[in-house]
Amino acid sequence: MSWRDNIIKIEPYVAGEQPNKTDFIKLNANENPYPPSPRVKEAVARFDTEHLKKYPSANAVPLVKAIAKREGLKPENVFAGNGTDDVLSLAFRAFFNSEKPIIFPDITYSFNTVWCDILKIPYETVPVDENFNISAEDYARENGGVVIANPNAPTSIGRDLTFIREILDCNRDSVVIIDEAYVDFGGTTAVPLLKEYDNLLITRTFSKSRSLAGMRLGWAMGSAELVAALYATKDSMNSYPVDSIAQSAGVASIEDEDYFQCTLKRVIATRERLTKELRAMGFSLPDSQTNFVFAAHPKYYAKEIFEYLKTKDIYVRWFNKPRIDNYLRITIGSDEETDALIAALKEFVKP
Ligand SMILES: *Cc1c(COP(=O)(O)O)cnc(C)c1O
């Protein structure tokens, strides 16, 4: 035996490339092209660094209160953390302690399998159909938990409340996590179902729709019982997770609803324009309810287009994974970035 045998063997999540240069168009991590609310800028500028000598509010109380108010919930139904990834990993730890496998779609957020591996949670994936649709009946089976991203990533497809209700109705004995990272871009939230299902946990992020990927802020909403289990888990790992500056920035963001709505409208308008342009060039893609599109071209390999775009300093996401390796996931950038993308693609894709 060597200490080497005891070192973790794990395949980590791989994020979108961050090339070591400044002048390129980054459409590979679903970041928002617009800055966060000016109120966030103000809150950070005004932040009195004197406060940093003290620990932050342990349970991010001001932030939790602001989120609860916006969502029409009680603070006891909200949990805030350092990005959704932090919140989800705590949720996996807190809720998936059964011998039975947890289930999620084969094509979905690729962090799920990583957390299962590191936390030793058994899992099974459920294939989506050939159009990437998730069928609720497939989730009517014994399991140790259910995780669905709605809208789903990287497919960009969102489903309605009836679908979520079907999933919940056949899973009364499991915690069902609905990851709503992209819901603000036109999806349907499951928040109205929280009153009826105390096994439902919904997660959200500030990284995409609120332009705060660099700040690391996310939250979960669920019954007081689920939220209490998240706090207990957090307090068993690291009891002060959201730093004071991030808490102030988060509150400022949540309180600026007008700016938030305005930014969403811009991203959605660009998405609709890009969708039309891509279809005119022969790409096929589902209608997106997110801030990205998931597109394939019948005549060109996705990897070829991905490599070509890099030569034009445009970075999109290509997953070398079964079933989706001929698709590109393209983040909705600013109008200028999107124009550059369209121009580059038009040059490549000859009619
Ligand atoms: C981006 C993303 C997250 C995580 O976001 P954070 O930056 O950790 O808040 C979670 N789920 C999905 C599906 C995402 O795309």
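Counting starts at 1 for both ligands and their atoms, in listed order.
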* Asked: When you check the side-chain N and O atoms of Thr233 and Arg93, is any donor under 3.5 Å from an acceptor?
  -> no
* Scan for ring-ring contact (aromatic ring centres under 6.0 Å, His included) pairs involving residues 49-81, sequence neighbours excluded, and state none if there are none. => Phe47-His51, Tyr55-Tyr240, Phe79-Tyr231
* Structure fact -> The complete set of ring-ring contact (aromatic ring centres under 6.0 Å, His included) pairs with one or both residues in residues 123-179, sequence neighbours excluded, reads Phe104-Tyr123, Phe132-Phe294, Phe132-Tyr327
* Under the ring-ring contact (aromatic ring centres under 6.0 Å, His included) rule, what pairs show up with a residue in residues 170-199, not counting sequence neighbours? -> Tyr182-Phe292
* Asked: Using the benzene-type ring in the case of Trp, are the ring centres of Phe206 and Trp219 under 6.0 Å apart?
  -> yes
Tabulating one pair per line, provide the atom names and distances (0.1 Å) for every N/O atom of ligand 1 that is less than 3.5 Å from a protein N/O atom.
from, atom 1, to, atom 2, distance (Å)
ligand 1, 7 (O), Ser207, OG, 2.6
ligand 1, 7 (O), Arg216, NH1, 2.9
ligand 1, 7 (O), Arg216, NH2, 3.3
ligand 1, 8 (O), Thr84, N, 3.2
ligand 1, 8 (O), Asp85, N, 2.9
ligand 1, 8 (O), Asp85, OD2, 3.1
ligand 1, 8 (O), Arg216, NH2, 2.7
ligand 1, 9 (O), Thr84, N, 2.6
ligand 1, 9 (O), Thr84, OG1, 3.3
ligand 1, 9 (O), Thr205, OG1, 2.5
ligand 1, 9 (O), Ser207, OG, 3.3
ligand 1, 11 (N), Asp179, OD2, 2.6
ligand 1, 15 (O), Tyr182, OH, 2.6
ligand 1, 15 (O), Lys208, NZ, 2.9

* Check the angle between the aromatic planes of Trp318 and Phe306 and answer parallel, tilted or perpendicular using the 30° and 60° thresholds. => tilted
